[in-house]
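Just below is one structure, and these are the notes that go with it.
Worth saying up front: this structure is predicted, and the values here are computed from it rather than measured.
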Amino acid sequence: NRVESHKPVQLFEDIVIKNGALNTKYKAIQRSLYDVHMEKWLKHFSLDQIHIVDGNTLIKDPLPELQKVERFLNLPSRIMSSNFYFNQTKGFYCIRSDGRERCLHESKGRPHPLVNNTVLEQLYSYFREHNAKFYRMVNHSFDWH
């Protein structure tokens, strides 16, 4: 978005690392503390009232993940494999419905930038216990580092 609006773009490493340490105040890091957010939700709802969509599965194979949503919401099964097509240009699935084909905005589906391994290890280390706590809370593990 910054490139399209001709604003300066910072390297991810320069955003996520401040004064040599992980910038835990960075909004993307704060939003990714799923255990913190789930703890708040579980004060008001039981776990059986919450459905967690596995974003990785949704990207790779959307049909089963969306069928789980239909079942969770007790909706009639309407989503079929014919509702999806793989967009070779974008590299992910798009939706086909009522004779129309729709994909996410062009700002979505871009390749992820390469991130310095040292920074990745700092992120993995920081999130490790948060993710483990989240997995325990929801009784499910995800394929995250």
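Atom-to-atom distance recorded for H37:NE2 and M137:CE is 11.0 Å, nearest 0.5 angstrom. Rounding to the nearest 0.5 Å places NZ of K27 at 12.0 Å from CD1 of I15.
Residue pairs meeting the disulfide bond (SG atoms under 2.5 Å apart) criterion with at least one partner in residues 3-102, sequence neighbours excluded, are C94-C103.
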Any chance you could lay out the side-chain contact (heavy atoms from CB on, under 4.5 Å) test for F134 and I52, step after step, and finish with the verdict?
-> CA-CA 11 Å; F134 176 73; I52 299 167; 3.9 Å; yes

How far apart are the C-alpha atoms of F127 and I29, what are their side-chain angles, what is the distance that settles it, and do they pass the side-chain contact (heavy atoms from CB on, under 4.5 Å) test?
-> CA-CA 9 Å; F127 284 111; I29 290 177; 3.9 Å; yes

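Ring planes of W144 and Y34: tilted class, angle from 30 to 60°. Ring geometry for F12 versus Y26: interplanar angle over 60°, hence perpendicular rather than tilted (30 to 60°).
Dense packing is recorded around CZ of R102, with more than 12 heavy atoms of other residues, nucleotides or ligands lying under 6.0 Å away. Crowding of L114 atom CG: a count of heavy atoms from other residues, nucleotides or ligands under 6.0 Å not exceeding 12.
Side-chain contact check for E121 and T118: no donor-acceptor pair (N or O, by modelled atom type) lies under 3.5 Å.
At least one side-chain heavy atom of I50 sits under 4.5 Å from a side-chain heavy atom of M38. At a threshold of 4.5 Å between non-hydrogen side-chain atoms, the residues N23 and I17 do not count as touching. At least one side-chain heavy atom of Q67 sits under 4.5 Å from a side-chain heavy atom of L63. No side-chain heavy atom of V53 sits under 4.5 Å from any side-chain heavy atom of L66. Within the 4.5 Å cutoff, the side chain of F142 has heavy atoms near those of the D54 side chain.
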